[in-house]
Amino acid sequence: PSATVAHDEL
Amino acid sequence: MNIFRLAGDLSHLAAIIILLIKIWKTRSCAGISGRSQVLFAIVFITRYLDLFTNFISAYNTAMKVFFLGSSIGTVYLMYLKFKATYDHNHDTFRIEFLLLPTALLSLVLNHEFSVMEILWTFSIYLESVAILPQLFMVSKTGEAESITSHYLFALGSYRGLYILNWIYRYYFEGFYDIIAIVAGCVQTILYCDFFYLYITKVLKGKKLQLPA
């Protein structure tokens, strides 16, 4: 399962 | 969000504002590497493609918009508006030697083989070496205006503060992103000799002069 990596840093 | 990341973002913001002030006030981009600024614009464009698809917070969106606008604006100022003051002769670092390896590496070493994730990874790798043309130019000219060295100090400090943010997040949130951490360490290490010169010279009121 490809968990979409959410990047919360700028 | 933690104090280290906020300090890092504000240091990054300060660096970009210092650069814009320098170019606008002196109406010149002498001593600034246009190639590094192009790389920074590519870094932000490839990293913030999720600007409209992935809302994190108003702060996050506002900073992304500012970084995108200011980096593209700086390239415009350097290559169009103040083109006559751009120092082509000293800004000669071959950026294809940075773009290709980072592009290939992002295809091989990433968290997920998807377009967005590969572009984000490319942006992280590229940012870690994007300052090289600028540092190369300073070494070639042998000196830098003090405002340019303040710009470089703020820019170098931003990712250094992010390293403290990653240490904080590891211990208090159990979060870490090895790609961002390794690239961030490389990026900060590249500034070390500049940091040494900045602290030993510029802060004592001397001009930043590299040993010839």
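All values below come from the heavy atoms of this structure, side chains included, with hydrogens, waters and symmetry mates left out. Keep in mind the model is a prediction, meaning the values are calculated, not measured. Chain letters run A, B, ... following the sequence lines, proteins first, then strands; residues in each count from 1.
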>> For B:Y59, I'd like to know if atom OH has over 12 heavy atoms of other residues, nucleotides or ligands within 6.0 Å.
In response: yes

>> So for B:F55, is it side chain, backbone, both, or neither that comes closer than 4.5 Å to the heavy atoms of chain A?
In response: neither

>> Counting only heavy atoms from other residues, nucleotides and ligands, does the tally under 6.0 Å from OH of B:Y170 exceed 12?
In response: no

> Side chain, backbone, both or neither: which part of B:F113 has an atom under 4.5 Å from a heavy atom of chain A?
Replying inline: neither

> Passes side-chain contact (heavy atoms from CB on, under 4.5 Å), A:H7 versus B:R47? Steps please.
Replying inline: CA-CA 10 Å; A:H7 301 291; B:R47 189 174 305 180; over 6 Å; no

> Can you say whether B:D9 sits under 4.5 Å from chain A via the side chain, the backbone, both, or neither, judging by heavy atoms?
Replying inline: side chain

> Should A:E9 and B:R169 count as an ion pair when the cut-off is N to O under 4.0 Å?
Replying inline: yes

> If you count heavy-atom pairs under 4.5 Å between each of B:Y162, B:F67, B:F44 and chain A, which one has the most?
Replying inline: B:Y162

> Does a side-chain heavy-atom distance below 4.5 Å link A:L10 with B:K64?
Replying inline: yes

